[in-house]
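One structure below.
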2 protein chains.
Amino acid sequence: MDAIDHQIISCLVADARASYAEIGNTVGLSAPAVKRRVDKLLDSGVLRGFTAVVDPEALGWGTEAFVEVHFGGNVTPAEIRSSLEPLAEVVAAYTVSGAADAIVHLRAASIHHLETALERLRAVDMVDRTVSTVVLSTLLERPPAPGGEG
Amino acid sequence: MDAIDHQIISCLVADARASYAEIGNTVGLSAPAVKRRVDKLLDSGVLRGFTAVVDPEALGWGTEAFVEVHFGGNVTPAEIRSSLEPLAEVVAAYTVSGAADAIVHLRAASIHHLETALERLRAVDMVDRTVSTVVLSTLLERPPAPGGEG
DNA sequence: GATGAAACTAGGTTGTG
DNA sequence: CACAACCTAGTTTCATC
């Protein structure tokens with residue numbers, strides 16, 4: 001994990017289908033050298049994989065919301081995870097500090113779809129209360145800048 | 001944008017470096033046919049591109065927070081966007097309904113780094129008040145399921 | 001208009017120094 | 001890590017339905 005690895009990761013984040021030769025040209029390495037590093041990064045788990053970036057609107061997932069979920073009683077993160085995993089509308093979920101126990105990021109096709117997703121979320125065992133915040137517009141969405149401070 | 005396009009998108013979301021032949025094998029098409037469809041999806045904007053999925057911990061970005069931002073006065077989404085864009089720790093930002101004006105997703109290297117990022121966020125013009133929620137653990141993070149209801 | 005097969009080109013992969 | 005050879009995949013063209 002040296003500076004060149006960070007550059008390679010940057011290239012792949014920018015375009016996961018970039019050729020090794022192209023990346024090598026950017027970072028000053030030969031194509032095979034880049035491949036070996038990428039293989040190592042995949043093997044070590046630094047790179048988890050490669051995915052396509054899709055326009056949610058085009059797929060008919062134009063409605064988003066963040067939901068603070070309050071659980072009743074003692075619930076483990078693992079239990080929360082397994083209870084949320086079956087809900088297709090849940091694109092992300094986090095346990096958090098503060099008043100709520102978890103924040104759930106929902107993506108739905110419409111307000112109506114969002115409502116039914118919320119109903120199913122509230123029907124999940126141990127869910128006590130939810131506070132929904134509907135997304136009006138996405139201002140910014142980007143991968144974390146590689147090699148920040150710290 | 002028929003059912004096969006959705007299948008192709010699913011394949012690419014699962015693995016952006018999958019070969020056209022492999023995708024074709026899954027969706028029941030030949031490699032050239034898949035390529036033509038992918039080109040069209042890229043051209044039409046349904047597919048925005050391809051990116052690498054990186055482990056934030058491994059890159060030293062292990063601390064996350066969601067911040068509700070309250071703005072003073074009349075601020076346009078475009079103004080919010082351009083004021084947040086320079087902050088490297090901002091990985092996502094949304095205008096939202098409800099009490100807050102925006103939700104900002106921050107990723108930092110440490111609690112200390114998060115603190116400095118919050119200071120810079122609060123120093124942004126027109127930012128009135130912020131309410132931070134620190135992420136304890138990531139339960140789930142996944143792309144939206146293609147072809148939902150709606 | 002879109003697909004499938006084949007030919008050609010480019011990139012991925014492995015071995016050697 | 002670079003170089004070189006080999007092999008696989010991407011790309012284009014053309015014929016077909």
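Keep in mind that this is a model prediction, so the values were computed, not measured. Order of the sequence lines fixes the chain letters, A, B, ..., with proteins taken first and strands second; residue numbering starts at 1 for each chain. These values consider heavy atoms only, across backbone and side chains, with no hydrogens, waters or symmetry-generated copies.
- When rounded to the nearest whole Å, the span between CG of B/Leu42 and P of D/dT11 equals 11 Å.
- The separation between A/Asp39 atom CG and D/dC1 atom P is 13 Å, rounded to whole Å.
- In this structure, the CG atom of A/Asn25 is 16 Å from the P atom of D/dC1, given to the nearest Å.
- Residues A/Asp2 and A/Arg37 are paired through a salt bridge, judged by an N-O separation under 4.0 Å between the basic side chain and the carboxylate.
- Nucleic acid contact class of B/Ser19 (heavy atoms, under 4.0 Å, all strands): sugar-phosphate only.
- Cation-pi check for A/Arg17 over B/Tyr20 is met; the charged atom lies under 6.0 angstrom from the ring centroid and within 45 degrees of its normal.
- Distance B/Leu29 CG to C/dG4 C1': 9 Å, rounded to the nearest Å.
- Judged by the 6.0 Å and 45° rule, B/Arg122 forms no cation-pi pair with B/Phe71.
- Nucleotides of DNA chain C nearest to B/Asp2 and B/Arg17 differ in position, and the one nearer the 5' end is that of B/Asp2.
- Nearer to the 5' terminus of DNA chain D, by closest-nucleotide assignment, is the contact made by A/Ala31 (compared with the other of A/Ala31 and B/Pro32).
- Aromatic ring pairs are classed by plane angle as parallel below 30°, tilted from 30° to 60° and perpendicular above 60°; the pair A/Phe66 and B/Phe66 is tilted.
- Comparing A/Arg36 and B/Lys40 by the nucleotide of DNA chain C that holds the closest heavy atom to each, the one mapping nearer the 5' end is B/Lys40.
- Under 4.0 angstrom from either OP1 or OP2 of D/dG10 there lies no side-chain N or O belonging to B/Lys35.
- OP1 or OP2 of D/dT11 sits under 4.0 Å from a side-chain N or O of B/Tyr20.
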